[in-house]
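Below is one structure, written out as structure tokens, with a few remarks after it.
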Amino acid sequence: MDITIRSYEMQDAIAVASLITKELGYNHSTQQQVIARLRRFQVHPDYHMLVALNQREIIGFVGLHKSMAYDFDEEYIEITALAVQEAYRNEKVARELLLGVEGYAQKRCIHRIVMNSRLETPDAELFYKQSGYEEKGYTFTKKI
């Protein structure tokens, strides 16, 4: 399989929205709500998305943004979402997306990538560790 990684374009919205609702399980949002969010991300200067294609079919995507921290000086990239169609898992699509993020960061002289992984995805946790990412703690969330 020949996987192509490229930047997200607005014509990708329906396919990426489907990945977000089906593969990430964010089914509490409608497709229209997700597409509206994608539009906001696309125009924000600190946000970026990459898509993975098999031929012309979008089979994965990663969302990321540039950020800063209190405990180190340099900016970093935070991966906020990564999804691959179930039929294409174990086909190195996620690895290619991560390499795309690394290339994106390096072009901007950013040398750190951070991400969170949900506790209910142990396969993802193992994948990230095998890809060179270190486990650094927990994420806590509270809706107010």
Side-chain angles (χ1 to χ4, degrees), residues 1 3-70 72 74-143:
M1 176 172 41
I3 301 166
T4 303
I5 305 297
R6 66 160 170 78
S7 291
Y8 170 89
E9 299 169 357
M10 203 58 221
Q11 68 208 30
D12 305 329
I14 293 172
V16 171
S18 178
L19 287 167
I20 290 169
T21 57
K22 292 178 183 167
E23 304 302 336
L24 292 179
Y26 298 171
N27 51 15
H28 57 276
S29 298
T30 67
Q31 186 178 54
Q32 292 78 17
Q33 288 172 315
V34 174
I35 289 171
R37 290 181 202 131
L38 294 172
R39 283 190 189 110
R40 289 196 311 263
F41 291 140
Q42 189 177 25
V43 299
H44 194 291
D46 291 335
Y47 282 77
H48 193 73
M49 293 174 279
L50 299 171
V51 294
L53 296 100
N54 178 25
Q55 314 249 331
R56 293 181 179 198
E57 178 187 12
I58 293 176
I59 59 173
F61 100 103
V62 61
L64 54 107
H65 72 272
K66 181 175 70 170
S67 193
M68 297 182 287
Y70 290 97
F72 49 86
E74 70 269 11
E75 294 177 322
Y76 65 94
I77 295 293
E78 181 171 4
I79 295 174
T80 54
L82 190 151
V84 174
Q85 280 184 24
E86 188 171 4
Y88 291 96
R89 293 185 190 149
N90 302 319
E91 297 289 335
K92 303 194 184 305
V93 177
R95 187 169 313 283
E96 291 297 320
L97 285 165
L98 288 182
L99 290 173
V101 172
E102 291 174 15
Y104 176 86
Q106 290 170 341
K107 286 179 184 174
R108 287 150 184 81
C109 298
I110 296 174
H111 305 288
R112 186 184 305 248
I113 299 171
V114 174
M115 74 180 74
N116 293 306
S117 182
R118 296 189 324 228
L119 294 173
E120 60 269 10
T121 56
D123 290 345
E125 181 181 344
L126 178 61
F127 165 72
Y128 294 133
K129 287 179 179 178
Q130 291 173 340
S131 297
Y133 290 82
E134 299 174 26
E135 186 176 340
K136 296 290 276 185
Y138 298 98
T139 298
F140 296 93
T141 182
K142 177 181 181 181
K143 184 173 179 169

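Fair warning: this is a prediction, and the values are worked out from it, not measured in the lab.
With rounding to the nearest 0.5 Å, the separation of CD1 in Ile20 from CD in Gln33 is 12.0 Å. Here the CD atom belonging to Gln31 is positioned 8.0 Å from the NZ atom belonging to Lys22, to the nearest 0.5 angstrom. The CD atom of Glu74 sits 12.0 Å away from the SG atom of Cys109 when rounded to the nearest 0.5 Å. One distance of note links OH of Tyr88 with CD1 of Ile59; it measures 5.5 Å at 0.5 Å rounding. Residue Ile35 holds its CD1 atom at 11.5 Å from OG of Ser29, rounded to the nearest 0.5 Å.
Contact between Lys66 and Ile77 at its shortest, heavy atoms only, is CA-CD1, 4.1 Å. Looking at every heavy atom in both residues, Ile3 comes nearest to Ala52 through CG2-CB, 4.2 Å. Residues Tyr76 and Ile110 approach most closely at CA-CG2, 3.6 Å, considering heavy atoms. The shortest non-hydrogen separation linking Ala83 to Leu97 is O-CD1, 4.3 Å. Nearest heavy-atom pair across Leu19 and Phe61 is CD1-N, 4.0 Å. In this structure, Met49 and Gly63 approach most closely via the heavy-atom pair CG-CA, 4.1 Å.
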Run the side chain to side chain contact (heavy atoms under 4.5 Å, CB included) test on Tyr8 and Leu38 for me, step by step, so that the C-alpha distance in whole Å, both residues' side-chain angles and the decisive distance to 0.1 Å come before the verdict. CA-CA 10 Å; Tyr8 170 89; Leu38 294 172; 3.6 Å; yes
Would you sort out whether Leu50 and Arg6 count as a side chain to side chain contact (heavy atoms under 4.5 Å, CB included), showing the intermediate values? CA-CA 5 Å; Leu50 299 171; Arg6 66 160 170 78; over 6 Å; no
Criterion side chain to side chain contact (heavy atoms under 4.5 Å, CB included) on Ile79 and Val114, from CA distance to verdict: CA-CA 6 Å; Ile79 295 174; Val114 174; over 6 Å; no
Where do His48 and Ser7 land on the side-chain hydrogen bond (donor to acceptor under 3.5 Å, both in side chains) test, with the steps shown first? CA-CA 8 Å; His48 193 73; Ser7 291; 3.0 Å; yes
Start with the C-alpha gap between Glu78 and Asn116, add the side-chain angles, then the distance that decides, and say whether side chain to side chain contact (heavy atoms under 4.5 Å, CB included) holds. CA-CA 9 Å; Glu78 181 171 4; Asn116 293 306; 3.6 Å; yes
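Under the 6.0 Å distance and 45° angle rule, Arg108 counts as a cation-pi partner of Tyr104.
A side-chain donor-acceptor contact under 3.5 Å links Gln11 and Glu9.
Taking the six-membered ring where the residue is Trp, His44 and Tyr47 present perpendicular rings, their angle passing 60° and hence far from 30°.
Applying the 6.0 Å contact sphere to CD of Gln55 captures no more than 12 heavy atoms from other residues, nucleotides or ligands. Shown here is Ile14, whose CD1 atom has no more than 12 heavy atoms of other residues, nucleotides or ligands within 6.0 Å. Counted within 6.0 Å of CE on Met10, heavy atoms from surrounding residues, nucleotides or ligands total more than 12; the atom is thus considered enclosed. For Asn90, the CG atom counts as loosely surrounded, since its 6.0 Å shell holds 12 or fewer non-hydrogen atoms of other residues, nucleotides or ligands. Summarising the local packing, CD of Glu57 is surrounded by more than 12 heavy atoms from other residues, nucleotides or ligands at distances under 6.0 Å.
Two residues are said to be in side-chain contact when any heavy atoms from C-beta on lie closer than 4.5 Å; Tyr26 and His28 meet this criterion.
Without hydrogens or angle criteria, Gln85 side chain to Ile58 main chain gives a donor-acceptor distance under 3.5 Å. Under a 3.5 Å cut-off, the side chain of Arg95 and the backbone N or O of Ser131 do not form any donor-acceptor pair. Put simply, the side chain of Thr21 gets close to the backbone of Ala17: a donor and an acceptor are under 3.5 Å apart. Side chain of Glu96 to backbone of Val93: no donor-acceptor contact under 3.5 angstrom is found.
Looking at Leu82, Ile113, Ile5 one by one, the single match for side-chain contact (heavy atoms from CB on, under 4.5 Å) with Leu98 turns out to be Leu82.
Glu102 has no carboxylate O lying under 4.0 Å from a charged side-chain N of Lys107, or vice versa, which leaves the two without a salt bridge.
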